[in-house]
Amino acid sequence: MAAKDTLTRYRRRRDFSRTSEPEGDRGRSSGDEPVFVVQIHDAGTLHFDFRLEADGVLKSWAVPKGPSTDPHDKRFATPTEDHPLDYRRFEGVIPGGEYGAGTVIVWDEGTYGNLSTDRSGHEIPLSEALDQGHASFRLDGHKLHGGYALTRIRTDDSSGREAWLLVKHADARAASGHGTPDPRRARSVRTGHTLRQVATEAEEKAEEKAEEKAGSGAARDGVREQPVRSTR
């Protein structure tokens, strides 16, 4: 039986003729270990998007304050729709009028190891652990390292919405009191750019494209308006 396509909701919300977000398919990571990515998204509200590869997609949560390196910080997380694996590379500006309109940068990325176990201590797949409401994993990124856990704390039966907590394990990579940096000053691990710089670059490219289009249009009009010379 074919695997369920969990990207339907993702695709339904987006017009790929307008947004540069990847349309994507279910797939496999190119590496031996599953990947994770943390993106900062300056949309209606500024937040972090935390994504873990599982079952050929990126399982995703919106984390308003972002992941913390301090085990005392319990970061609220709301599940969002599954994203394609290609989304881990996405950085840019989602145009106005589109779902999630705003600027996105890749704040951290890397691989992770599954630490989820059943009551007998045997490892279980991450997707199964998430279904059960508690998953543990070890991050190996540029900025985030060591153990973390995602735990479901509430399910609203009327709306189906869930509430989770993202918490750092108290291990050797924990750093009490450090928390998460200011997202407006944070830089992309891919380009070193801030949200403002990415937005400014997008605006400049859009202006250049508009000027080129206007220039070609004026050139065509000039050709049409040249007077026809008499051959007599």
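- Taking a cutoff of 4.0 Å between a charged side-chain nitrogen and a carboxylate oxygen, Arg196 and Asp42 do not qualify as a salt bridge.
- Atom CG of Asp108 sits about 10.5 Å away from atom CZ of Phe48, to the nearest 0.5 Å.
- A salt bridge links Asp25 with Arg11: at least one charged nitrogen is closer than 4.0 Å to a carboxylate oxygen.
- In this structure, the separation between CZ on Arg138 and OG1 on Thr111 is 8.0 Å, given to the nearest 0.5 Å.
- Salt bridge Asp49/Arg51: present, at least one basic N to carboxylate O contact under 4.0 Å.
- Using a 4.0 Å cut-off between charged nitrogen and carboxylate oxygen, Asp73 and Arg75 count as a salt-bridge pair.
- With a 4.5 Å cut-off on side-chain heavy atoms, Gln39 and Val106 count as touching.
- When hydrophobic clusters are built by joining Ile, Leu, Val, Met, Phe, Trp and Tyr residues whose side-chain heavy atoms come closer than 4.5 Å, directly or via intermediates, Val38 is not grouped with Ile94.
- Here the shortest heavy-atom pairing between Ala77 and Pro79 reads O-CD, 4.0 Å.
- Taking 4.0 Å as the cut-off between side-chain N and carboxylate O, Glu98 and Arg13 do not count as a salt-bridged pair.
- Hydrophobic clustering of Ile, Leu, Val, Met, Phe, Trp and Tyr side chains at less than 4.5 Å, counting indirect connections, unites Leu144 with Leu52.
- Ser68 and Asp70 form no side-chain donor-acceptor contact under 3.5 Å, judged by distance and modelled atom types alone.
- Taking the six-membered ring where tryptophan is involved, the planes of Tyr87 and Tyr10 are perpendicular, since the angle between them exceeds 60° and thus also 30°.
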message: Show, in sequence, the C-alpha distance, side-chain angles and deciding distance for His145 and Leu139, and conclude whether the side-chain contact (heavy atoms from CB on, under 4.5 Å) test is met.
response: CA-CA 5 Å; His145 302 274; Leu139 301 182; 6.0 Å; no
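- Phe16 and Pro22 make their closest contact through CE2-O, 3.6 Å (heavy atoms, listed as atom of the first residue, atom of the second, distance).
- We find the NE2-OG1 distance between His47 and Thr45 to be 6.0 Å, quoted to the nearest 0.5 Å.
- A perpendicular orientation is assigned to the rings of Trp164 and Trp61, their planes being inclined by more than 60° (bins at 30° and 60°).
- Using modelled atom types, one side-chain atom of Arg88 and one backbone atom of Leu85 make a donor-acceptor pair closer than 3.5 Å.
- Rounded to the nearest 0.5 Å, atoms OG1 (Thr191) and CD (Glu91) are 4.0 Å apart.
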- request: Report the C-alpha separation of Leu46 and His41 in whole Å, then their side-chain angles, then the decisive distance to 0.1 Å, and conclude whether the side-chain contact (heavy atoms from CB on, under 4.5 Å) test is met.
  value: CA-CA 6 Å; Leu46 182 60; His41 189 178; over 6 Å; no
- prompt: Hey, mind stepping through Leu165 and Lys74 against side-chain contact (heavy atoms from CB on, under 4.5 Å) and telling me if it holds?
  reply: CA-CA 6 Å; Leu165 290 178; Lys74 294 178 173 58; 4.3 Å; yes
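- Minimum heavy-atom separation, Thr103 to Ala199: OG1-CB, 3.6 Å.
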- request: Give the intermediate values and the outcome of side-chain contact (heavy atoms from CB on, under 4.5 Å) for residues His169 and Leu115.
  value: CA-CA 11 Å; His169 287 179; Leu115 301 177; 4.3 Å; yes
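- In terms of hydrophobic clustering, with Ile, Leu, Val, Met, Phe, Trp and Tyr side chains grouped at heavy-atom distances under 4.5 Å, Val104 and Val35 are assigned to a common cluster.
- Judged purely by atom type and a 3.5 angstrom limit, Ser17 has no side-chain atom pairing as donor or acceptor with the backbone of Asp15.
- Using modelled atom types and a 3.5 Å distance limit, the side chains of Arg14 and Thr19 yield no donor-acceptor pair.
- For the residue pair His193/Ser188, the side-chain donor-acceptor check at 3.5 Å is not satisfied.
- The hydrophobic clustering, which links ILVMFWY residues whose side-chain heavy atoms are closer than 4.5 Å, places Leu130 and Tyr148 together.
- Between the Arg187 side chain and the Gly192 main chain, a donor and an acceptor come within less than 3.5 Å of each other.
- By the 4.0 Å N-to-carboxylate-O rule, Glu162 lies close enough to Arg152 to be salt-bridged with it.
- Residues Leu126 and Leu58 do not share a hydrophobic cluster, clusters being chains of Ile/Leu/Val/Met/Phe/Trp/Tyr side chains in contact below 4.5 Å.
- With hydrogens and angles ignored, the 3.5 Å screen pairs a side-chain donor or acceptor of Gln197 with a backbone N or O of Thr194.
- Checked for salt-bridge contact, Glu204 and Lys209 miss the test: no charged N lies under 4.0 Å from a carboxylate O.
- Closest approach of Ala43 and Gly100 over heavy atoms only: CB-O, 4.1 Å.
- Remark: Ser176 OG to Lys168 NZ distance equals 10.0 Å, nearest 0.5 Å.
- Using a 4.0 Å cut-off between charged nitrogen and carboxylate oxygen, Asp82 and Lys59 count as a salt-bridge pair.
- In terms of heavy-atom proximity, Ala101 sits nearest to Pro95 at CB-O, 3.3 Å.
- One distance of note links CD of Glu53 with CG of Asn114; it measures 12.0 Å at 0.5 Å rounding.
- Taking every heavy atom of both residues into account, Tyr99 and Glu81 meet most closely at CE2-OE2, 3.5 Å.
- Without hydrogens or angle criteria, Lys65 side chain to Thr180 main chain gives no donor-acceptor distance under 3.5 Å.
- For His142, the NE2 atom sits in a packed shell: over 12 heavy atoms of surrounding residues, nucleotides or ligands are nearer than 6.0 Å.
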